[in-house]
Amino acid sequence: MNVTKPPTLASWLLQHFGSSPNNESVVGDLEERYDGHSPRWYWRQVFRSIGAAWFADIASNRILAAGVLGFSLVHIIVLARAFRYLAGGAANPFTAYVFTRVLPYGWWGHNAIFWPVDWLMTWLPLFLISLTAGWLVARFGCGRSRAMVLTCVALTCLILALPTLRMLVSVSAIPLYFVVQGLVVPFQTVLGILLGGGLLRTRRPVRLERM
Amino acid sequence: MGSPSLISNFEMMVMLALLRLGDEAYGVPISEEIEKQSGHDIAVGSVYAALERLEARGLVSSRVGEPTAERGGRAKRYFKATGKGLKEIRETQRTLLKLWRNLPGLEGEKA
């Protein structure tokens with residue numbers, strides 16, 4: 001009996017991002033084969049298995065994948081416009097609303113209250129946009145929702161990587177507030193798509209007799 | 001290219017491994033068999049991707065076995081070639097043998 005447990009994070013990644021309809025069997029097979037192999041072998045198998053299932057789904061649903069890529073671009077544009085609206089002006093309109101209508105007016109002068117509220121009022125709407133985008137992709141994924149959500153995440157990462165890297169290169173010239181925002185936005189965008197798309201939910205094994 | 005009835009090189013390897021293994025064919029022995037015969041490291045996920053394509057075309061069928069402790073309580077999925085699959089593999093073999101015969105570039109070499 002196999003007593004050696006495979007790397008937990010790799011198993012988790014395969015269970016959540018593996019888009020094969022037989023993903024439970026893939027996870028079980030890899031666990032069975034792990035005995036006598038190195039963690040590196042297991043990690044390689046996990047990445048290749050996720051990639052193989054993803055590419056197979058894209059190849060067999062090219063029109064849907066193209067639609068998801070287009071939708072992901074629209075999502076990024078909406079996100080960029082929302083970010084400019086919330087963080088580009090003198091004051092976030094939602095923050096202003098909270099301090100004029102919800103909280104006592106004088107509280108805006110306290111840094112310990114103002115900044116957390118301002119960050120929340122900036123990040124929460126952006127997070128909700130990504131959450132909705134992920135949900136929509138999964139909802140219209142036509143039985144291939146995992147692969148389509150991964151496609152959306154991949155394109156989003158690709159587009160957000162360049163401005164994030166540019167910001168990290170010139171980090172000393174940018175105020176800390178904007179550096180934090182610049183790092184949180186890509187992270188919460190990806191997290192929002194994954195959460196909305198249901199990829200972080202624990203999967204229940206499907207057991208069907210088909211022969 | 002083009003014809004949906006053509007099976008790829010890797011799909012054919014998977015089909016042949018299935019036929020060699022008989023009733024005990026599931027992801028682990030299939031990938032081990034291909035690794036043994038080809039000498040290359042095979043990803044279990046790639047084997048399943050090929051099996052799912054073959055199953056969608058009706059060339060293989062599958063059933064779920066009992067969960068076992070060594071697999072973390074997960075069930076095995078056994079695969080079997082269908083009659084259509086056997087016919088397809090025979091046709092592919094015949095075509096390949098015809099194409100393989102009298103190749104000027106490979107004269108003196110054994111296939």
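Lettering of chains follows the sequences in order, A, B, ..., and the numbering in each one begins at 1.
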Subject >> CZ on B:R71 to CD on A:E31, rounded to 0.5 Å >> reply: 8.5 Å
Original post:
In Å and rounded to the nearest 0.5 Å, what is the CZ to OG distance from B:F79 to A:S25?
Top reply: 6.5 Å
**OP:** Output the option from A:S11, A:G28, A:S49 having the highest count of non-hydrogen pairs under 4.5 Å with chain B.
**Re:**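 The answer is A:G28.
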Original post:
Are there residues of residues 35-42 of chain B that reach to under 4.5 Å of chain A by heavy atoms, and which ones?
Top reply: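 The list, in residue order, reads B:E35, B:D41, B:I42.
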Original post:
If contact means a heavy atom pair closer than 4.5 Å, which residues of residues 13-30 of chain B contact chain A?
Top reply: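 B:Y26, B:G27, B:V28, listed by number.
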Original post:
Taking non-hydrogen atoms and a cut-off under 4.5 angstrom, which of residues 112-133 of chain A neighbour chain B?
Top reply: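 Expected list: none.
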Subject >> Contact listing (chain B partner; residues 50-64 of chain A; heavy atom under 4.5 Å) >> reply: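 From residues 50-64 of chain A, the residues near chain B are A:A52, A:A56.
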Original post:
With chain A, which of B:E32, B:E52, B:R53 has the greatest number of heavy-atom pairs at distances under 4.5 Å?
Top reply: B:E52
Original post:
Quick one: does A:E32's side chain get under 4.5 Å of B:K76's, heavy atoms only?
Top reply: yes
**OP:** May I ask you to test the B:Y48-A:D29 pair for a side-chain heavy-atom distance under 4.5 Å?
**Re:**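 Yes, close enough: below the 4.5 Å cut-off.
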Subject >> Proximity breakdown for A:V46 and chain B, heavy-atom pairs closer than 4.5 Å >> reply: neither
Original post:
Taking the side chain from A:Q45 and the backbone from B:V44, do they hold a donor-acceptor pair closer than 3.5 Å?
Top reply: yes
